[in-house]
Amino acid sequence: MTRSKNLLVIMSDEHQARALSCAGHPLVKTPNLDRLAARGIRFSNAYTPSPICVPARAAFASGRYVHDIRLWDNAMPYTGKPRGWGHALQDKGIRVESIGKLHYRSEEDPAGFDVEHIPMQVANGVGMVWGSIRREDERVRKEGRMLGPYIGPGDSTYTRYDQAVIARTEAWLKEAATDEDPWCLYVGLVAPHFPLIVPQEYLNLYPLDSLPPFKLHTMDGFKNHPWVAKQNYALLGDDGFTDHAERKLAAACYFALCSFLDDNIGRLIAALEANGQLDETTILYTSDHGDNVGARGLWGKSNMYEESVAVPMILAGPDMPATTCTTPVSLLDVSQTIIDHFGASLEGERPGESLYDIATRAADPERVIFSEYHAVGAVSGAYMVRKGRWKLIHYHDFAPELFDLDSDPEETTNRAADPECADVLADLYEALNMICDPAAMNDLAFADQDAMIAGYGGPEHAMHMGAPAATPPPET
């Protein structure tokens, strides 16, 4: 598959894989992403290596599993170690810069970019330290609603930040149009991440009476898995709504933010076209993780259900076939794709593979994809293995969940205790144990977090460190 001269990598925040009209969502309007998908390959089974911002982005930067790099949670940001795709491009002499959200530690760290324009990093260079206190008898529940005190029409610091990122990118692309050398530009956008505040013009696209009912909602009697219920308790989520109308408004605002994001991506495509760069630039779009949007009474991310752990992924460029690739992939493959695009190299073993190579082969449904979670609210580690039609969710010290995604894509029926699935369960556990020892990694995560907390003066001090929910953006 032909590689174009330039590569534009766009990563949004908290965009669930299903919230694309080209993915068949009955409500969401994303015409620009649809047009992007029509110019290339949409990967319909794409996943994050960890369903929360900072570990996912550190794994993406380095191309390695979270338990390998030991950056477990939102208080352990990427610092440039281990070296990642940006360093590989720098070694090759490729111009590589970033604009927007990174969620790394500091602009001063050698994270693999020649320049970081208006970067959004973890709060105060330390991140959500209070969320690293995870044992059930020690953790704190922050006061205030995770989604923010106000939900509805308007502008937020996040929507204003995204607009500033887009304006800076438009200017960057105009300047780069005169550059004869290849470049890689990473653009980090925060929508549709909460706060669920969105300009009225986008909210108008989603009348409340058009919304589908919430799936498997606890208000209808659904009981969450015990691990999920305990994790969800750490942040005031669904219980924080004043009434059901506000709950529906929250969902409408999320979908409206997806359309706001889509318009911003449309501006970037238009800028490339206006500057004569579209035919020499490949665009790779994805997100760091998804959002539950009220399914099971859950909001935000932080679990292994499809709404949270699956992400959109599109690779589009000149002379690229318009198709859908069903082979399971992850953000670790995106990392390897960026390296491969420029013929660069990076020392060390990494589990990812270039999307270019994956897409040119026959579909491989048995390709194993792995994700893990050791962050805020998790009283123990959670692990996902996707192989073929089956998906295992292993919770340390809790009963597992097993779903047949072919016959049960909404994950309504746990088959883990079904005798007919015993061989499937054993096969997926074998795949999990080939990637890591989940009990050992659970203990290692707690040990690393305990050491960090002790370094900050102990739990009494650490519990007050970090943003309560959404990371504040920089001044622009």
Side-chain angles (χ1 to χ4, degrees), residues 8-23 25-37 53 99-101 103 118 120 146-170 173 186-208 210-211 246-272 283 285-294 299-301 307 311-314 469-474 476:
L8 174 62
V9 180
I10 307 169
M11 178 177 281
S12 64
D13 199 320
E14 211 148 302
H15 188 189
Q16 65 166 234
R18 295 173 173 177
L20 287 169
S21 42
C22 59
H25 195 282
L27 190 66
V28 174
K29 300 169 180 64
T30 53
N32 293 296
L33 285 166
D34 297 347
R35 283 194 287 271
L36 197 64
C53 296
I99 305 175
K101 179 172 182 177
H103 236 186
I118 52 174
M120 179 177 168
M146 173 188 69
L147 301 176
Y150 171 72
I151 292 170
D155 284 312
S156 71
T157 56
Y158 271 18
T159 56
R160 290 192 291 270
Y161 178 65
D162 270 356
Q163 289 165 342
V165 169
I166 293 299
R168 181 68 64 90
T169 305
E170 289 171 327
L173 291 171
Y186 168 90
V187 177
L189 300 168
V190 288
H193 193 291
F194 58 85
L196 298 174
I197 302 170
V198 62
Q200 182 70 57
E201 62 186 287
Y202 297 99
L203 194 54
N204 290 342
L205 299 172
Y206 300 96
L208 298 191
S210 72
L211 300 183
E246 190 185 35
R247 185 181 288 114
K248 292 181 69 175
L249 177 61
C253 285
Y254 176 84
F255 298 137
L257 283 167
C258 292
S259 291
F260 170 79
L261 161 71
D262 184 78
D263 263 9
N264 284 331
I265 291 174
R267 286 176 59 182
L268 298 186
I269 298 171
L272 287 169
I283 303 172
Y285 171 71
T286 191
S287 195
D288 57 351
H289 49 71
D291 190 299
N292 293 288
V293 199
W299 297 83
K301 51 278 185 182
E307 289 85 0
V311 296
M313 193 174 294
I314 299 170
T471 301
T476 56

May I ask you to test the Asp13-Lys101 pair for a side-chain heavy-atom distance under 4.5 Å?
yes
Heavy-atom pair of closest approach, residues Thr30 and Cys258:
CG2-O, 4.2 Å
cation_pi(Lys29, Tyr206) dist<6.0 Å, angle<=45:
yes
Rounded to the nearest 0.5 Å, what's the gap from CD on Glu14 to CG on Asp291? Could you check?
4.0 Å
Beyond-backbone contact of Val28 with Ser21, side-chain heavy atoms, under 4.5 angstrom:
no
With the side chain counted from C-beta on, respond yes when Leu203 and Cys253 share a heavy-atom pair under 4.5 Å apart, and no when they do not.
yes
Please step through side-chain contact (heavy atoms from CB on, under 4.5 Å) for the pair Val187 and Leu189, ending with a clear verdict.
CA-CA 7 Å; Val187 177; Leu189 300 168; 4.2 Å; yes
Look only at the side chain of Ser287 and the backbone of His15, and say whether a donor-acceptor pair between them is shorter than 3.5 Å.
yes
Please report the closest heavy-atom contact between Leu261 and Pro192, naming both atoms and the distance.
CD2-CD, 4.2 Å
Compare all side-chain heavy atoms of Thr159 with those of Leu257 and state whether any distance is below 4.5 angstrom.
yes
Does Ser210 reach the side chain of Leu27, with side-chain heavy atoms less than 4.5 Å apart?
yes
Rounded distance (nearest 0.5 Å) linking atom CG of Leu173 with atom CG of Leu268
7.0 Å
Go through Thr286 and Ile314 one step at a time and tell me if the side-chain contact (heavy atoms from CB on, under 4.5 Å) criterion holds.
CA-CA 7 Å; Thr286 191; Ile314 299 170; over 6 Å; no
Of all heavy-atom pairs between Ala469 and Phe194, which one has the smallest distance, and what is that distance?
CB-CE1, 4.1 Å
So which heavy atom on Ala23 is nearest to which on Arg18, and how close?
CB-O, 4.4 Å
Please check: side-chain N/O of Asn292 versus main-chain N/O of Glu307, any donor-acceptor pairing under 3.5 Å?
no
Leu147 side, atom CG; Arg247 side, atom CZ - distance, nearest 0.5 Å
11.0 Å
CG of Asn32 to CD1 of Ile265, rounded to nearest 0.5 Å, is 8.0 Å
Heavy-atom check, side chain of Tyr285 versus side chain of Pro312, under 4.5 Å:
yes
Minimum-distance pair of heavy atoms, taken over all atoms of Ala251 and Leu211:
CB-CD1, 4.2 Å
Could you state the interatomic distance from CD1 (Ile118) to OG1 (Thr476), rounded to the nearest 0.5 Å?
6.0 Å
Can you find a pair of side-chain heavy atoms, one from Val198 and one from Tyr254, that are under 4.5 Å apart?
no
With side-chain contact (heavy atoms from CB on, under 4.5 Å) as the criterion, how do Tyr158 and Gln163 come out once you've worked through the C-alpha distance, each side chain's angles and the decisive distance to 0.1 Å?
CA-CA 9 Å; Tyr158 271 18; Gln163 289 165 342; over 6 Å; no
Please give me the minimum heavy-atom distance between Ala19 and His25, naming the atom from each residue.
CA-CD2, 4.1 Å
Looking at side-chain heavy atoms only, is the closest gap between His103 and Met11 below 4.5 Å?
no
Quick one: CD1 on Ile166 to CD1 on Ile99, what's the gap to the nearest 0.5 Å?
9.0 Å
Classify the angle between the aromatic ring planes of Tyr202 and Phe260 as parallel (below 30°), tilted (30 to 60°) or perpendicular (above 60°).
perpendicular
